[in-house]
*Asks:* 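The structure's right below; bear with me while I get my questions together.
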Protein chains: 2
Amino acid sequence: MAKVDTSLVAHLPLFAGFKTEDLEEILREARSARYPKNSAIFEQGADAHGFFLLLHGHVRAAKTTPTGEQIVVRYVAPGETFGLAMALGLTQYPATATAVDDSVVLIWPTAAWPRLVERFPSLASGTLQTVGARLQESHTRILEMSTQQVEQRVAHALLRLAKQSGKKLDHGIEIDFPISRQDIAQMTGTTLHTVSRILSGWEQQGLVESGRQRIILRDPHRIVTLAERNPDSGPA
Amino acid sequence: MAKVDTSLVAHLPLFAGFKTEDLEEILREARSARYPKNSAIFEQGADAHGFFLLLHGHVRAAKTTPTGEQIVVRYVAPGETFGLAMALGLTQYPATATAVDDSVVLIWPTAAWPRLVERFPSLASGTLQTVGARLQESHTRILEMSTQQVEQRVAHALLRLAKQSGKKLDHGIEIDFPISRQDIAQMTGTTLHTVSRILSGWEQQGLVESGRQRIILRDPHRIVTLAERNPDSGPA
DNA sequence: CGCCCGTTTTGCGCTATCGCAAACTGTCCG
DNA sequence: CGGACAGTTTGCGATAGCGCAAAACGGGCG
């Protein structure tokens, strides 16, 4: 079991205000693991054996229906926690987590959570805020799906991804992990076909540059305009 | 400031395991208030001055877009908390809360939260579970909006309402508060017109009985079938 | 008791988006 | 270097559900 350096996590909001020795105590309970690109981290419905902190890479959390359709719940960026099932009172993971890039995580065993929370109550409050933020995002997403057209939703999704995991280039912002049309469709409640058509259109207008599992926002500002555009304002 | 009887809240999951005197200490920080039908409890964007526990009645939490469209985030039933903004790290309410029936609530001032969690850490864990459950519901809702047709979504919504706030009648289950077609549309991401058409159809088939802001599920079992029905199974 | 207003119902044309199918393409592997 | 394949593009017909408009309804209040 590798020793984990506190410097890796000390700057995270969740651990803000912790003393180095406390951090060490917390990290002592965790082990680290590496997941190669496209490998499963845990499966929806499996017993929640632990909770995770992503150190490197990118992870997709997806939910599957009984009939096999999938949606992407979220993409996890480095520094974020995931697989918190047990803290939320579940015994099984409600979604499947997959590494979309070579990824490194810290894993705490489920059993460690009650102990840690008792010892460090602020962990619970901190996690509460994290989960609260995710709840807000979910509500925003529901609002968007209820009131906006597909093009606007895709615009919002890309902007969010760019903000969370965008790499600045001189000619735009690149989303810093492999993401397919299908993935975007599953984030926005549409089909890969429609996403493809939209991106093709945007590409022609110079808004984006994209290829196989790769998207660069060339003109973020105009995409913001698109995202906020009232559907019936202005001509075609 | 009225004294609040612990027996009102002692049975709630959030307070399970609390000693009577602890409960009294917690309740001492709260005051109760009554909101008549259709009155606002707090507005989206207003400073979060407190958090709430619903004792009697029913409350609708709704989110409004900049352009004025609304969605219903959820209906709050007696025994549930709402307006937890500050516990989630927000300083303003992310939604508007309205009493849809004459309602009675307990209100804790925002400032009491840090004190209470410090004194009773299990409040944080308990709230975490509550919020976690809501997050799951949100994800389920997103999944439904992404993969199901309107009729199925309406079926699911009504079943959920019936489960949460259904009153058993000998000829079915009645949703125990006033709810309009528009409300249901805002819960399922559609229009009141479509909801009206669907309910009309169901009424003819004897699945429901409904009227002005009133819905009775006459045949819950068949509605469950509808909700689970694969869109392309069976003829029209 | 009758009026008024919010709610519900219903018709009809429209279109955004899906669904299917087929062709295309960039990458990785052998 | 040449598949083979996953991912992408694109065309085209079908349709669920929207948007608008108007009428019917039902309850509460003066």
Side-chain angles (χ1 to χ4, degrees), chain A residues 36-38 60 67-72 98 100 144-155 175 177-186 188-205 208-216 226 229-233 235-236, chain B residues 36-38 67-71 98 100 102 144-155 157 175 177-204 208-216 226 229-233 235-236:
Chain A
K37 181 171 172 172
N38 290 327
R60 178 184 57 222
T67 59
E69 284 127 322
Q70 278 203 341
I71 61 155
V72 172
T98 312
V100 295
E144 285 177 5
M145 291 188 58
S146 299
T147 62
Q148 304 184 333
Q149 326 221 144
V150 173
E151 186 170 23
Q152 298 177 297
R153 303 206 300 266
V154 171
I175 291 167
F177 55 85
I179 184 166
S180 70
R181 309 288 183 261
Q182 174 80 63
D183 292 323
I184 295 171
Q186 290 175 348
T188 51
T190 181
T191 62
L192 80 165
H193 306 277
T194 300
V195 172
S196 179
R197 287 179 233 274
I198 289 172
L199 289 184
S200 295
W202 288 357
E203 184 126 28
Q204 288 192 355
Q205 300 170 56
V208 301
E209 176 189 334
S210 75
R212 201 189 182 70
Q213 309 208 95
R214 193 179 57 86
I215 299 178
I216 298 171
L226 257 187
R229 149 92 114 291
N230 189 317
D232 48 72
S233 68
Chain B
K37 180 170 173 173
N38 292 326
T67 59
E69 284 125 324
Q70 277 203 341
I71 62 155
T98 313
V100 295
D102 290 352
E144 286 177 5
M145 291 189 60
S146 299
T147 63
Q148 305 184 331
Q149 329 220 146
V150 172
E151 185 170 24
Q152 298 178 296
R153 303 207 299 265
V154 172
I175 292 168
F177 56 85
I179 184 167
S180 70
R181 308 287 183 262
Q182 173 81 63
D183 292 322
I184 295 171
Q186 290 175 348
M187 299 181 70
T188 52
T190 180
T191 63
L192 79 165
H193 306 278
T194 300
V195 172
S196 180
R197 286 179 233 274
I198 288 172
L199 288 184
S200 294
W202 288 358
E203 186 127 27
Q204 288 191 356
V208 302
E209 176 189 333
S210 75
R212 203 189 180 69
Q213 310 210 92
R214 194 178 57 85
I215 300 179
I216 298 171
L226 257 186
R229 149 92 116 295
N230 188 317
D232 48 71
S233 68

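Within every chain, numbering begins at 1; the chains are lettered A, B, ... in the order of the sequence lines, protein sequences first and strands thereafter.
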*Asks:* Go nucleotide by nucleotide along DNA chain C from the 5' end; which of A/Arg214 and B/Gln182 gets its closest nucleotide reached first?
*Replies:* B/Gln182
*Asks:* Between the main-chain N or O of B/Gln186 and the side-chain N or O of B/Gln70, is there a donor-acceptor pair closer than 3.5 Å?
*Replies:* no
*Asks:* Output yes when a side-chain donor or acceptor of A/Arg229 lies under 3.5 Å from a complementary backbone atom of A/Gln152, and no otherwise.
*Replies:* no
*Asks:* Which nucleotide in the list C/dT10, D/dT8, C/dT8 gets nearest to the side chain of B/Ser200?
*Replies:* C/dT10
*Asks:* Spell out, as yes or no, whether a donor-acceptor pair under 3.5 Å connects the side chain of B/Asp102 to the backbone of B/Pro36.
*Replies:* no
*Asks:* Quick one: B/Ile179 CD1 to C/dT7 P, roughly how many Å, whole number?
*Replies:* 13 Å
*Asks:* Take nucleotides 15-25 of chain C nucleotide by nucleotide from the 5' end and write B, S or -, depending on whether a protein heavy atom sits under 4.0 Å from the base, only from the sugar-phosphate, or from neither.
*Replies:* -SSSBBB----
*Asks:* Can you give me the bend angle of the helix from C/dC1-D/dG30 to C/dG30-D/dC1? Use the axis through the first five pairs and the one through the last five, nearest 10 degrees.
*Replies:* 40°
*Asks:* How long is the line joining CD1 of B/Ile198 and P of C/dT8, in whole Å?
*Replies:* 14 Å
*Asks:* I need the CD-P distance between B/Gln213 and D/dC25, as an integer number of Å.
*Replies:* 19 Å
*Asks:* Can you tabulate the close N/O pairs, meaning under 3.5 Å, that link protein atoms to atoms of nucleotides 28-30 of chain D?
*Replies:*
none

*Asks:* Determine, step by step, whether B/Glu209 and B/Arg214 satisfy the side-chain contact (heavy atoms from CB on, under 4.5 Å) criterion, reporting the C-alpha distance in whole Å, the side-chain angles of both residues, the deciding distance to 0.1 Å, and the verdict.
*Replies:* CA-CA 8 Å; B/Glu209 176 189 333; B/Arg214 194 178 57 85; 4.2 Å; yes
*Asks:* Return the minimal non-hydrogen interatomic distance between A/Ser210 and A/Arg181, and the atom names on each side.
*Replies:* OG-NH2, 2.9 Å
*Asks:* Would you say the side-chain atoms of B/Ser200 pair up with the backbone N or O of B/Ser196, donor to acceptor, closer than 3.5 Å?
*Replies:* yes
*Asks:* Between the side chain of A/Thr188 and the main-chain N/O of A/Ile184, is any donor-acceptor distance below 3.5 Å?
*Replies:* yes
*Asks:* Check whether the side chains of B/Gln182 and B/Ser180 place a donor and an acceptor atom closer than 3.5 Å, and report yes or no.
*Replies:* no
*Asks:* Go through it in stages, so that I can follow the logic: the residues are A/Thr190 and A/Val195, the test is side-chain contact (heavy atoms from CB on, under 4.5 Å), and I'd like the CA-CA distance, side-chain angles, deciding distance and then a yes or no.
*Replies:* CA-CA 7 Å; A/Thr190 181; A/Val195 172; 3.7 Å; yes
*Asks:* Over how many whole Å does the gap from A/Asp183 atom CG to D/dA6 atom P extend?
*Replies:* 15 Å
*Asks:* Measure the distance from CD on A/Glu203 to P on D/dT8 and round it to the nearest whole Å.
*Replies:* 12 Å
*Asks:* Using whole Å, report how far CG of B/Leu192 lies from P of C/dT7.
*Replies:* 10 Å
*Asks:* Base, sugar-phosphate or nothing for B/Ser196? Non-hydrogen atoms, less than 4.0 Å.
*Replies:* base
*Asks:* In this structure, how many angstroms lie between the C1' atom of D/dT10 and the CH2 atom of A/Trp202, rounded?
*Replies:* 18 Å
*Asks:* If only atom types and distance count, is the side chain of A/Glu151 paired as donor or acceptor with the main-chain N or O of A/Leu226 below 3.5 Å?
*Replies:* no
*Asks:* Looking at A/Met145 and B/Ser146, what are the two nearest heavy atoms and their distance?
*Replies:* CE-OG, 3.4 Å
*Asks:* Rounded off to whole Å, could you give me the CD1-to-P distance for the A/Ile215 and D/dT8 pair?
*Replies:* 8 Å
